[in-house]
Amino acid sequence: MLLTISTSRPGATDLGYLLHKHPDRLQTFELSFGRCHVFYPESTETKCTMAMLLDIDSVAMARNKGNKKQNFALAGYVNDRPFVASSFMSTAISKVLGSAMSGQCKSHPDLAKEAIPLEVAIDVLPVRGGEDFLRKMFEPLGYTVSTKRLPLDEQFPNWGESHYFSVRLETTATVASVLSHLYVLIPVFDNQKHYFVSKDELDKLLDKGKGWLDSHPEMETIVRRYLKFMPSVARQAIAQLSEATETDDDSEAKVDAEVAFEKKIRLHDARLDTVTEELVKTGATRVIDLGCGEGKLLKRLIKNWQFKEIVGVDVSVRTLEIASKRLRLDELPSFQSERVKLMHGSLLYRDSRFSEFDAAALVEVIEHLDPPRLSAMERVVFRHALPKVVIVTTPNADYNAMWPDLPAGKFRHADHRFEWTRDEFKVWVDSICQRFGYAAEIAPVGPLDEKLGAPTQMATFTKVGKPIASTGAAQ
Ligand code: SAH
């Protein structure tokens with residue numbers, strides 16, 4: 001089984017330093033399942049390729065006690081393991097290129113941190129789930145993927161295609177990150193492991209997946225397949241990865257009283273999920289989250305590759321700092337961090353940076369504005385920023401009767417300046433449509449009460465034409 005990694009960065013032979021393997025030498029490593037040869041078929045200043053050839057000892061493998069479950073008598077000897085990239089390759093990567101994978105390079109520490117052009121070729125990869133699945137795994141990590149599906153037997157084309165692919169991946173990234181991606185993902189395609197999956201697999205997965213796995217849109221599938229034989233450990237891993245960004249700084253990011261108040265029904269999650277789904281439906285690719293707070297909506301948007309440009313704006317610098325930490329913007333690989341930007345700004349002042357977005361979201365923001373200032377926000381958003389779609393959510397005051405702890409006339413959060421009933425919200429939505437040339441639909445979010453509606457109300461505005469009446473100049 002052959003894996004190659006090439007770079008065409010000027011001074012390409014530096015790849016040898018990054019991989020800790022000299023380009024002029026053939027090196028052979030003894031592993032429990034066979035041998036791994038490392039050599040460089042090409043090594044010039046303009047292109048350098050490292051090849052890793054696994055020579056799996058299928059006889060030893062067949063005798064291995066761990067391989068008892070076979071479909072037929074000779075299955076231990078006649079199988080694809082020696083020829084395909086599988087968990088054997090991951091083991092070889094960690095044993096032979098372990099220092100490179102952890103980003104260590106004493107002689108060239110800066111180079112180890114540099115994103116360089118890299119091309120990976122995996123000779124034969126068994127893929128359960130086909131080309132779509134392959135792309136879903138690698139494209140969110142910034143790879144350009146090209147594949148060739150291999151025939152079942154070249155001599156008998158009418159037998160059809162196999163589930164084996166020849167794969168080429170191109171990216172600009174650090175060598176360490178590419179090795180970590182390969183280490184985790186190669187066995188995921190195949191869904192088999194050659195060794196007993198022990199509990200320390202969880203630590204390995206979290207370690208190698210650091211900085212990318214928690215934000216991968218297919219995180220759960222990856223974890224489930226990687227830890228296939230240990231569903232309870234997989235659940236633990238998914239929970240840990242999902243919470244990684246939520247709990248990393250509890251002392252600073254105090255649980256918001258409003259969220260705590262509504263916690264019983266996990267309303268805020270439902271709200272953010274609904275807004276995300278609504279944004280997906282619009283087909284928007286450039287989205288601005290106005291009053292983004294600690295970045296909870298942004299986090300959801302980052303996971304979806306429909307969104308090419310994602311901007312969060314907030315008036316509070318402190319909140320933006322927390323958002324930056326929670327989203328780990330400093331640690332994201334460049335292809336991810338380039339999609340996301342946080343901006344300090346106010347919704348009450350016209351700002352050219354808010355323009356030219358397909359969609360804007362204002363999730364639980366308007367009720368934080370003093371009513372006399374609401375009209376400034378309206379002009380800033382609906383006249384000047386002028387996104388094709390605007391999604392606004394706000395509490396439904398009718399529903400407050402459902403919370404016995406909330407005295408009548410009180411708001412759900414001390415910082416709320418108003419909370420509208422469904423009728424009041426509809427009047428406001430209609431007036432926006434009239435004045436600024438939008439059409440709107442209002443929908444309930446959260447558990448629906450027959451009489452009182454849902455705890456949150458959401459309006460989706462779509463730009464349809466010119467405003468009907470002018471309402472004076474913006475600030
Ligand atoms: N949309 C986020 C945060 C909601 S809390 C979420 O759903 O999690 C309201 C947010 O609006 C706060 O972060 C607050 O700082 C921000 N905000 C209040 N007034 C603002 C203004 N004039 N301009 C921009 N953001 C504002």
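Read the numbers this way: they start at 1 and go in the same order the structure lists the ligands and their atoms. Quantities reported herein were computed from a predicted structural model and do not represent experimental measurements.
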Side chain, backbone, both or neither: Leu297 near ligand 1, heavy atoms under 4.0 Å: neither

4.0 Å heavy-atom contact, [X] with ligand 1:
X      : answer
Val313 : no
Met377 : no
Gly295 : no

Donor-acceptor side-chain pairing of Ser177 and Thr174 below 3.5 angstrom: yes

Evaluate the side chain to side chain donor-acceptor pair (under 3.5 Å) criterion for residues Glu201 and Tyr226: first the C-alpha distance (whole Å), next the side-chain angles of each, then the deciding distance (0.1 Å), finally the verdict. CA-CA 9 Å; Glu201 284 298 295; Tyr226 186 96; 3.3 Å; yes

Ligand 1 atoms in contact with [X] (distance to a heavy atom under 4.0 Å):
X      : answer
Gly291 : 1 (N), 2 (C), 3 (C), 10 (C), 11 (O), 25 (N)
Gly345 : 23 (N), 24 (C)
Leu348 : 22 (N)
His368 : 5 (S), 9 (C)
Leu369 : 19 (N), 22 (N)

Before you tell me yes or no, could you show the steps for Arg286 and Asp358 under salt bridge (charged side-chain N to carboxylate O under 4.0 Å, His left out), namely the whole-Å CA-CA distance, both residues' side-chain angles and the distance that decides it to 0.1 Å? CA-CA 5 Å; Arg286 305 184 66 223; Asp358 299 325; over 6 Å; no

Asp273: which residues meet the salt bridge (Lys or Arg N to Asp or Glu O under 4.0 Å) condition with it, sequence neighbours left out? Arg300

State which residues pass side-chain contact (heavy atoms from CB on, under 4.5 Å) with Ala440; sequence neighbours excluded, sorted by chain then number. Val429, Cys433, Phe461

